[in-house]
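A quick note: this is a predicted structure, and the numbers were derived from the prediction, not measured.
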Amino acid sequence: MHEFHPHFNRLKYNEDLFKYIKIDRFRELIKNKHLYFRNISKYSDKYDGMKGSFNDIYDQNLLDNIDKNVLNSLEDSYSISRNNSYATCFTLDVSYNIRFIHEYLTNNEGVVIKLKSKNLHESLIDDKVVYSSQVLYNNLDSKLGNIYSPLFNKMKEYTWEKEYRLLYVDNRFGNTHNSMKSYVSDLGDGVNIKIDINKFIDKIYYYGKNLEDFKKEFEFIEKPILEYKKPLL
């Protein structure tokens, strides 16, 4: 199920979203009716979700008035929250984006799923609670102690992604720093979240050389299957 979180960046409108996905992962999604969330610490970008130095983010006068043990405990909390958080990503970019093709599609073949943000939220039918947020870029005004803020903040060099992120947190590590420090999630590299396929998919764009074969394979979906080309309509 989807829930909004007061500390995350909620979209103002019912926006168009696009999910770039490898062809094999798309087959799994259709067959099993689940969406794969990858552990953020396992992302290819090893800095994704990592917090910068306190000295780079906060005024030194503020830091001088905080007990060092508290700051050390916060450092542990940021690290543990990242290691036990799982995400899947979408983009608000409606253009024909060659960067996404190179990043997310393999062997010159893949799929782009178009859907509305409201439908995305409603498609999450799993018992697990999933949060959502628009990613902010070069946002250094994170609230001290909000251990999840780095999961939705990136460097300004990634602004082109226009990313919208779903987040599942394995929060069994508890509410105290001592229990958090010793907890290691048993979910591994990823977790599957059940979805309603009919709500999740609005249109399907195929990128590759076998469009007709792809249409035949997935004609049972009863959703528009289009060639991936500009513009995305």
When rounded to the nearest 0.5 angstrom, what is the spacing between CG in N198 and NZ in K223? 5.5 Å
Ignoring hydrogens, what is the shortest heavy-atom contact between K156 and Y137? Give both atom names and the distance. CA-CB, 4.0 Å
Are the ring centres of F100 and W160 closer than 6.0 Å? yes
Taking C-beta and beyond as the side chain, do H2 and S132 meet within less than 4.5 Å on heavy atoms? yes
At what distance, to the nearest 0.5 angstrom, does CZ of R165 lie from CZ of F37? 11.0 Å
Paired with F200, the side-chain contact (heavy atoms from CB on, under 4.5 Å) test is passed by just one of I125, I113, N119, namely I113
Rounded distance (nearest 0.5 Å) linking atom NZ of K162 with atom CZ of F18: 11.0 Å
Taking S133 for its side chain and V135 for its backbone only, find out whether a donor-acceptor pair lies under 3.5 Å. no
Is it the case that more than 12 heavy atoms not belonging to E157 sit under 6.0 Å from its CD atom? yes
Honestly curious: do I195 and F220 fall in one hydrophobic cluster under the side-chain, below-4.5 Å linking rule? yes
Please tell me if the side chains of F214 and V111 come closer than 4.5 Å, counting only heavy atoms from C-beta onward. yes
Should the pair R99-E161 be classified as a salt bridge under the 4.0 Å nitrogen-to-oxygen rule? no
Under 3.5 Å donor-acceptor, N14 side chain and K118 backbone: yes
Determine, stepwise, if the pair L166 / I193 fulfils side-chain contact (heavy atoms from CB on, under 4.5 Å). CA-CA 11 Å; L166 294 183; I193 302 294; over 6 Å; no
Between Y86 and L167, does a side-chain contact (heavy atoms from CB on, under 4.5 Å) hold up when you go through it step by step? CA-CA 6 Å; Y86 300 77; L167 179 73; 5.9 Å; no
May I ask you to test the N192-L35 pair for a side-chain heavy-atom distance under 4.5 Å? no
Thinking salt bridges, do D24 and R27 make one under a 4.0 Å N-O criterion? yes
Do L124 and E3 have side-chain heavy atoms sitting under 4.5 Å apart? no
Would you please classify the geometry between the Y228 ring and the Y205 ring as parallel, tilted or perpendicular, with 30° and 60° separating the classes? perpendicular
Ring centroid separation for Y164 and F90, is it under 6.0 angstrom? no
Determine, for E28 against R25, whether the closest basic-nitrogen to carboxylate-oxygen distance falls under 4.0 angstrom. yes
Closest contact, heavy atoms only, E109 versus I23: OE1-CG2, 4.0 Å
For a side-chain contact (heavy atoms from CB on, under 4.5 Å) check, start with the C-alpha distance between N39 and S85, then their side-chain angles and the critical distance, and finish with the verdict. CA-CA 6 Å; N39 187 292; S85 294; over 6 Å; no
Check: D126 side chain, K194 main-chain N or O, donor-acceptor pair, under 3.5 Å: yes
Out of curiosity, does F152 fall in the hydrophobic cluster containing F4 (side-chain heavy atoms, cut-off under 4.5 Å, transitive links)? no
Would you indicate whether the side-chain heavy atoms of K215 and E227 approach each other to under 4.5 Å? no
Any heavy-atom pair between the side chains of I21 and L29 that's under 4.5 Å? yes
Go through K116 and D202 one step at a time and tell me if the salt bridge (Lys or Arg N to Asp or Glu O under 4.0 Å) criterion holds. CA-CA 8 Å; K116 288 288 189 178; D202 178 16; over 6 Å; no
If I take atom CG from residue L211 and atom NZ from residue K216, how far apart are they, to the nearest 0.5 angstrom? 11.0 Å
With clusters defined by side-chain heavy atoms of hydrophobic residues (ILVMFWY) lying less than 4.5 Å apart, directly or transitively, does Y36 cluster with Y131? no
Using 0.5 Å steps for rounding, measure from the CD1 atom of I204 to the CD1 atom of I225. 4.5 Å
Is it the case that K19 and T88 place a side-chain donor and acceptor less than 3.5 Å from each other? yes
Check whether R38 reaches the backbone of V191 with its side chain - one donor and one acceptor, N or O, closer than 3.5 Å. no
With a 3.5 Å distance limit and no angle check, can you tell me whether S117 reaches the backbone of E15 through a side-chain donor-acceptor pair? yes
Is there a donor-acceptor pair under 3.5 Å between the side chain of Y206 and the backbone N or O of N210? yes
Under a 4.5 Å cut-off applied to non-hydrogen side-chain atoms, are L92 and L17 in contact? yes
Distance, nearest 0.5 Å, that separates CZ of F218 from CG of D213: 11.5 Å
Quick one, Q134 and E163 - any side-chain contact, counting heavy atoms below 4.5 Å? no
